[in-house]
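A short write-up of the structure that comes next.
Here is the naming used below: chain letters follow the sequence lines, and residue numbers restart at 1 for every chain.
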There are 2 protein chains.
Amino acid sequence: MDELPTTPEAANHASTETVLKRAGIDPTPLRLAVIQVLAREGRALPAGDILALVQDQHRANKVTLYRILDLFVEKGLARRHSSGDRALRYCLEPGSAGRPHCHAYCLRCGRMECLPGVEGVVDMAALGPALAMEVVAVEVRIDGVCAACRRKPSVPETPVDAGSGNS
Amino acid sequence: MDELPTTPEAANHASTETVLKRAGIDPTPLRLAVIQVLAREGRALPAGDILALVQDQHRANKVTLYRILDLFVEKGLARRHSSGDRALRYCLEPGSAGRPHCHAYCLRCGRMECLPGVEGVVDMAALGPALAMEVVAVEVRIDGVCAACRRKPSVPETPVDAGSGNS
DNA sequence: TTCGTCGTGCAACTTTGTTGCATTGCCCGT
DNA sequence: ACGGGCAATGCAACAAAGTTGCACGACGAA
Ligand SMILES: [Mn+2]
Ligand SMILES: [Mn+2]
Ligand SMILES: [Zn+2]
Ligand SMILES: [Zn+2]
């Protein structure tokens, strides 16, 4: 089953199907399209953006998309994060390893990049009082202005539409 | 110079007014009620909760509340945080120091407690790639189950049809 | 076939927050 | 006192993101 794919496209399709199956998820065309969008973009996207990208190839409904995203999160395939704006964002586990990771959110363009895992970044011991709680997850988000945006004139343009040139 | 009252109670009328004035905010009755609720609760509250608490004493409209909260955030009096559910939460700077701090969010009861500052908790150097961004804020949230909730039966309300005389 | 489940779609709804505009009270210059 | 701004508040309508209820077609098991 570890055949070398001949093209990146084929690799993407073949391996995402395998990923879904191994997670116990029936690899329907729509689910494949969703996971491929997430894999291709490699960062945390709001559902609206995912829908727009998926719809480039597939007719799709937002309710179904939300259900697919919930399923991915439930099965540990994807993670859901909040960005401080109103929309939650979804990303794959980078490297398909199941480790939680930090994010960087650009307040100007709305891009949310995945960063290394939280291990070594957060010193849980320094949070004394927090340890009164049974920890389930640790969210770390760096808000700021990304390199690309800093290079651009700081035009007070339309603020953060969470859109990335799609649709 | 910035002597805080020795008791939290004393803080509740005389000093909240001073805090507002020093922040350049006209201390209207409604604004005083809002900051007093935040000071009294000492944790991060969603706007809906703040409105309910304020309305115990004061007739108030949600639009005005949102505008007051925006103003507090803009003037650096309060902070806005996301909790993973879709309501943003507001808290005062603990100790009236202007330092950002971490939070603990209970997934069961929804309480969001303020924790110590992020200094000493997050190792920014460990985030290599993130440093491509000009950092504006660092959000750290610990999700889990708080001590109080862990003590309670894990299922608050289950539609189990045990023989309790319900037909 | 008949049945049940699964994946999807659509409309209506809920929650959270925002916009537009009216009203009220206050300060300020006349 | 008068009148014009202006700040603070309120109300209704709106908007974005997500959820619920229900229907429908596909498909496989009985
Ligand atoms: Mn991520
Ligand atoms: Mn706080
Ligand atoms: Zn950017
Ligand atoms: Zn709790």
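Side-chain contact check for B/Thr28 and B/Asp26: no donor-acceptor pair (N or O, by modelled atom type) lies under 3.5 Å. B/Arg80 and B/Tyr90 form a side-chain donor-acceptor contact under 3.5 Å, judged by distance and modelled atom types alone.
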Residue pair B/Ser82, B/Arg89: steps toward the side chain to side chain contact (heavy atoms under 4.5 Å, CB included) verdict:
CA-CA 6 Å; B/Ser82 60; B/Arg89 289 163 191 252; over 6 Å; no

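For the pair B/Asp26 and B/Arg86, nearest-nucleotide mapping onto DNA chain D gives the more 5' position to B/Asp26. The residue among A/Ile25 and B/Arg67 whose nearest nucleotide of DNA chain C is located toward the 5' end is A/Ile25.
An OP1 or OP2 oxygen of D/dA7 is reached within less than 4.0 angstrom by no side-chain nitrogen or oxygen of B/Thr28. Between B/Thr64 and D/dG10 there is a side-chain polar atom (N or O) within less than 4.0 angstrom of OP1 or OP2. An OP1 or OP2 oxygen of D/dA7 is reached within less than 4.0 angstrom by no side-chain nitrogen or oxygen of B/Arg31.
Atom NE2 of A/His81 is separated from atom P of D/dG18 by 14 Å (rounded to the nearest Å). For A/Leu30 and D/dA26, the CG to P distance is 17 Å, given to the nearest whole Å. Rounded to an integer number of Å, the gap from CD1 of B/Ile68 to C1' of D/dT9 is 9 Å. To the nearest angstrom, P of D/dA13 lies 19 Å from OH of B/Tyr66. Between the P atom of D/dA8 and the CG atom of B/Leu69 lies a distance of 15 Å, rounded to the nearest Å. Distance A/Leu45 CG to D/dG18 P: 12 Å, rounded to the nearest Å. Between B/Lys75 atom NZ and D/dA7 atom P there is a gap of 12 Å when expressed in whole angstrom units. Atom P of nucleotide D/dC24 and atom CG of A/Asn61 are separated by 16 Å, given to the nearest angstrom.
Residues B/Ile25 and B/Val73 share a single hydrophobic cluster, defined by chaining ILVMFWY side chains whose heavy atoms lie under 4.5 Å apart.
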Side-chain polar contacts of residues 49-69 of chain B - donor-acceptor pairs under 3.5 angstrom, sequence neighbours left out - could you list them?
{"from": "B/Gln55", "atom 1": "NE2", "to": "B/Ala60", "atom 2": "O", "distance (Å)": "2.7"}
{"from": "B/Asn61", "atom 1": "OD1", "to": "B/Val63", "atom 2": "N", "distance (Å)": "2.7"}

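In 5' to 3' order, the nucleotides of DNA chain C bounding all contacts with chain A (an atom under 4.0 Å from a heavy atom) are C/dG7 to C/dG17.
If you take NE2 on A/His103 and CD1 on A/Ile142, they are separated by 11.5 Å, rounding to the nearest 0.5 Å.
Under a 4.0 Å N-O distance rule, the pair B/Glu113/B/Arg111 qualifies as a salt bridge.
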